[in-house]
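Keep in mind that what you see is a predicted model, and the values were worked out from it rather than measured. These numbers come from the heavy atoms of this one structure, side chains and all, not from hydrogens, waters or symmetry mates.
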Amino acid sequence: MLETLQQLLWSGDLIYATLRLTTPLLFAALGGLMCERAGVLNIGLEGMMLGGALTAYVVALRMGNPWLGILAALFVGAITGLLFAVVVVTFRANQIVSAVGMNILMLGLTGVALRAAVGLSIGQSPAPTIPIWEIPGLAGLPLIGPVLFAHLPFVYLVFVLAGAMAFIFYRTTWGLAIRAVGENPRAAETVGIDVIRVRYATVVWSGIFAAVGGAILSIGYLNTFQEGLTAGRGFIAFSAIIFGRYTPLGTLLASLLFGFTDALQLRIQAFGVQIPYQFLVVLPYIVTLLALFVAGRSKGPAASGLPYAPGEE
Amino acid sequence: MTTPPFLQIEEITKTFPGVVANDKVSFDVAAGEIHALLGENGAGKTTLVSTLYGLHRPDSGRIRLRGKEITLRSSRDAIALGIGMVHQHFMLVQPLTVAENIVLGMRSPREPLLSLGPASQEIERLSRTYGLEVDPAAQVWQLSVGMQQRVEIVKALYRGADLLILDEPTAVLTPQEIHELFNVLRRLKAEGHAVIFISHKLDEVMAISDRVTVLRDGRVVNTVATAGTDKAALARMMVGREVLFQFDKPPAQLGDAVLNVRDLCVMGNRRQMAVRDVSFDLRRGEILGVAGVDGNGQSELVEAIAGLRPAASGQISINGRALAAFQPSDLLDLNVAHIPQDRQRVGLVMDFSVSENLVARLFSLLPFARSGFLQWKAIRENADGRIKEFDIRAPNSEVKARSLSGGNQQKVILARELSRAPDLILASQPTRGLDVGATEFVEGRLLEQRARGAAIIYVSTELEEILSLSDRVMVLHRGEIMGMVRPGEVTEEEMGLMMAGEKRMTAQEKMEARQS
Amino acid sequence: MKSGLSKRLEGLRSIGLGQALSWTLPIWAVLIAFLVGSVIIAGAGANPIQAYAALFRGAVGNGGLVATTLVKSIPLMLAGLSVVLAYRASVFNIGGEGQIYMGALFAVWGGTLLHLPAGVHLPIVLALGMVGGFLWSAIPGYLKAARGFNEVIVTIFMNYIAVAIVSYLVHGPMRESGWNYQSRAVDESARLPIILPGTSLHLGLVVALAAAVLAHILLFHTTLGYRLRMVGFNAEAARYAGVKVTLITVLAMALSGALAGLAGAVEIAGVQFRLLEGFSPGWGFDAIAVALVGQLHPAGVLLAALFFGALRTGANSMQTAVGLPMVVVQVIQGLTVLFMMIGAAVQHYGLWRPARREK
């Protein structure tokens, strides 16, 4: 028993899988973090991921090149973000309800588009996938090489991006403007910051980040797409921001925890432990709920979720 | 050849749906002048200066700066032209540092990287020049209100403001802080800055300004030299009729004690002790004023007595009943009325109709409900009665509270809270933001209740108002009682020192001052 | 300074909750959604006019189809009412799906384990369904009201968990031997009778209509409804007026869950009789569009549910006629929600204009 547990937990495979499964989550979470610091709640991450996943699959399949798939996903992510910004920033519609509408729409759209693009032969249409990139020199290291340095390029990229985001938030004038807009948009406006523009930019970026996260799922780890592929990862990403207390580093750590949970449940399944798979599959959701419970109140930016009208008194 | 005035405002008109906020407003300001803009709440002062700062576009009219006509599309334009503004509600981002707030929105010399070091040095230099001591590294939420105001002024100067607009800058300050602010303004004036000083307080306008422009109902009544006018004349211009500075108040007819508070401590929202060891008694027929600079524990004290905030320690008894962990729902039973400070966010449900709001506390009682079912007929009849009795200007009882004016919203709250002939009334800033007519109405109703035998706690930051209405005044500073005084036996000077925490009672005096 | 309470319960302001929205707004939202939908259908290679014609014929083309539409509207009516009840208290319950599963589960337990005379069994089974939904949604209600959780996130996760529980049960403990993954059927005495002979239309329609009437009375004619709406509009003012805000919030969510649970129970007792994996085609999510298009009013919900029920019925024929997948319905629903929200915001704030001044 103890031996099994040891095998389960102390293996390079588990760490490898944790990094792998954290990556799409963290992409979406970093995107969500950016617009949340500017005061826009984005529960639409789920739908945006889904859009990215489908686009990447269809384009990679049709063009025969996974990188074109990624490029297309970036584009579609930006468009989705832009549409969401129009709804919640320009029209000032309620951010939560609109995002839920957005998720329903994306679920339907991806379903329709999938059928239109590949018909019913989804199973027989594997798309080309993003290759693993072994970091020269490091991948050869004993023990840690294969675990840490033989991943998709996006795995390395996302950790770099998390660091970059911390730098942008706390060391640049853009980051200062984003933080000010999320805390007190009126004050930001009175010193000449264009609140609407900042919010548009961050929401569009969140769409792009989420779409990349989705694309990694479809043509990074799989070679296909299925309806509801993201399985709530967008919502977990949203929770990672809260659990991470709205900082890039915290979000990174929270995403790692949730990625680890997912890796663990897959590993337990693979081990054939006598737990019904249905309960293992929902483990990430349960851990996320527990994490939120343990974290207690995590205070978001003061203006989070509130629409803003320039020039209003 | 005469040089044109520094700033000329010519026939500015600004309307909002249904309201003319500014109607052909014209006046000018010279460099090195402190120009007061005087008017009641709602006279259009804030709209006017928001236009001057690029936050609104005027419907018509011109603004000239140094003789040249300017167009302001946003505050960015205003800042670029050397216009700085200190808003009534500070425009500071609380979790950011002073330096971050000051450079916010400006190009950094190392764009896009922040360069806070050199900025801090410049901030310190400005602080020294104008006597505005601020710590660039402090986070804004940790600073006192007076300190935050200094940050706002430095922020404007850092951007090279020649014209500084201050919107009701004294509302949140102690008399001593006001004194310091005036010194800063005089130094700015000496350096050649133009200052627009907005206020509705006559004393301050008389003390600091060179000239006064009086606004009423969005129009300019007149612009006069301060040296050639007096308070009474200004008051007449501001209100449009004679104003009584004192009103007749019969002597207090004190009855039994209604409220006893002993050693009360209450936590504030920031987990600090907001009320510390407060003890006092209050008797029927007495108005106890609670004076202090905004944010010194007044709200928390009232909320604790209203059951909205738990006491950390100490005791509250109402009508002889000692209360432990009681709820707002108990107020009905205890016959306590509460007129909350924030009428739109706390006192009313803005999307409920007037009739629904008028039963907000009573809806579950007869005749408004029977066995859990609402009795709409009784609710509407009640509303019609109250609307008549309190002269609430509403087309009918079914319009939303949102559609009423501020004064009428307050009347809805008064009608609901006072209709039950309460033993104790907690009135928190009940006249804030109201015009003179509505203020007189509220004060009149409270005096009626006093004559009827209610005990009243009256919280206000307006010293004049408190001194004219109260029988006794408690001064709070950081949640502690600094003094328990009687109007007429104390100077404003002394009150100011207490509000600033410079003068306090001895323990012996505290014991003696508890009782009326 | 915002107090913790209002921050915690803010959720749904600025949505046009209860404000006098124009009654034409839902019609515009649906029309524009169909218009945009036609572009998407054309993009998917089908003829939108043919598609919508097939949709219409498939929904109300003959008496039998009308009855099917009515049957499909029943869970939407109940789930839509469920969303309304919570929404009125400013809680956004998108956990309808999980609560429907729990209601169905409890109903199947009652229908298979209890053996009671007809006339007693059915009401008990329906009541058990309500209990299932009530308990399942009290959890997110508590987490929101007392711990400040975002209820959207919590209810989404609880949907996954509820579906997993039911999946586990029909694969294991509740699996009917010899059959595929499904439970035993409920007793005859626990089933809703057919009210229109020759069709599948069952008594559940009357249950849904009664629920709408009761929801209306609850919201607008009881003190509980007054408390609930007060909390929904302004939690701070409700607390000041002596309402126990946390309790009311939990209760609103739990009652909302009870209605969703009833939807699950009615579907079991009226149509499916046994529990299956993937038992609901997503009624819990459809309910959001139903509630919004129904303007958060019980009567409006009935009409909106009929509309979306017709959409679901018609989508079947559309699939066969022009080869469009059923998920087109989701596209239309998602668009409708977005246009409703835009419409409500425009009515509330005005278009391209600074917001109304609220000082």
*Asks:* Closest approach of L348(B) and A401(B), non-hydrogen atoms and distance?
*Replies:*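 Taking every non-hydrogen atom into account, CD1-CB, 4.4 Å.
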*Asks:* Pick one of side chain, backbone, both or neither for Y170(A), based on which atoms fall under 4.5 Å of a heavy atom in chain B.
*Replies:*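 Only the backbone of Y170(A) comes within 4.5 Å of chain B.
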*Asks:* Compare every heavy atom of M91(B) with every heavy atom of E152(B), then report the nearest pair and how far apart it is.
*Replies:*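 So the two residues come closest at OE2-N, 2.6 Å.
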*Asks:* Taking side chain as everything from C-beta outward and backbone as N, CA, C, O, which of these in L96(B) sits under 4.5 Å from a heavy atom of chain A? Side chain, backbone, both or neither.
*Replies:*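 Just the side chain, heavy atoms under 4.5 Å.
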*Asks:* Under 4.5 Å heavy-atom distance to chain A, tell me which part of I79(B) shows up: side chain, backbone, both or neither.
*Replies:*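 When you check distances to chain A, only side chain atoms of I79(B) fall under 4.5 Å.
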*Asks:* Tell me which one of H200(B), H87(B), H89(B) satisfies side-chain hydrogen bond (donor to acceptor under 3.5 Å, both in side chains) with E168(B).
*Replies:*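 One option only clears the test, and that one is H200(B).
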*Asks:* Tell me, out of T190(A), I193(A), I168(A), who's got the most heavy-atom pairs with chain B below 4.5 Å.
*Replies:*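 Sorted descending by pairs with chain B, the first entry is T190(A).
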*Asks:* Compute whether any side-chain donor of one residue and acceptor of the other, for E183(A) and Q94(B), lie under 3.5 angstrom apart.
*Replies:*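 Checked: E183(A)/Q94(B) side chains show no N/O donor-acceptor pair below 3.5 Å.
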*Asks:* Please rank P112(B), A80(B), S75(B), G105(B) by heavy-atom pairs under 4.5 Å with chain A and give me the top one.
*Replies:*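 So the answer, after comparing P112(B), A80(B), S75(B), G105(B), is P112(B).
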*Asks:* Can you list every side-chain hydrogen bond (donor to acceptor under 3.5 Å, both in side chains) pair that touches residues 107-122 of chain B, not counting sequence neighbours?
*Replies:*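 For residues 107-122 of chain B: T173(A)-E111(B), E122(B)-R125(B).
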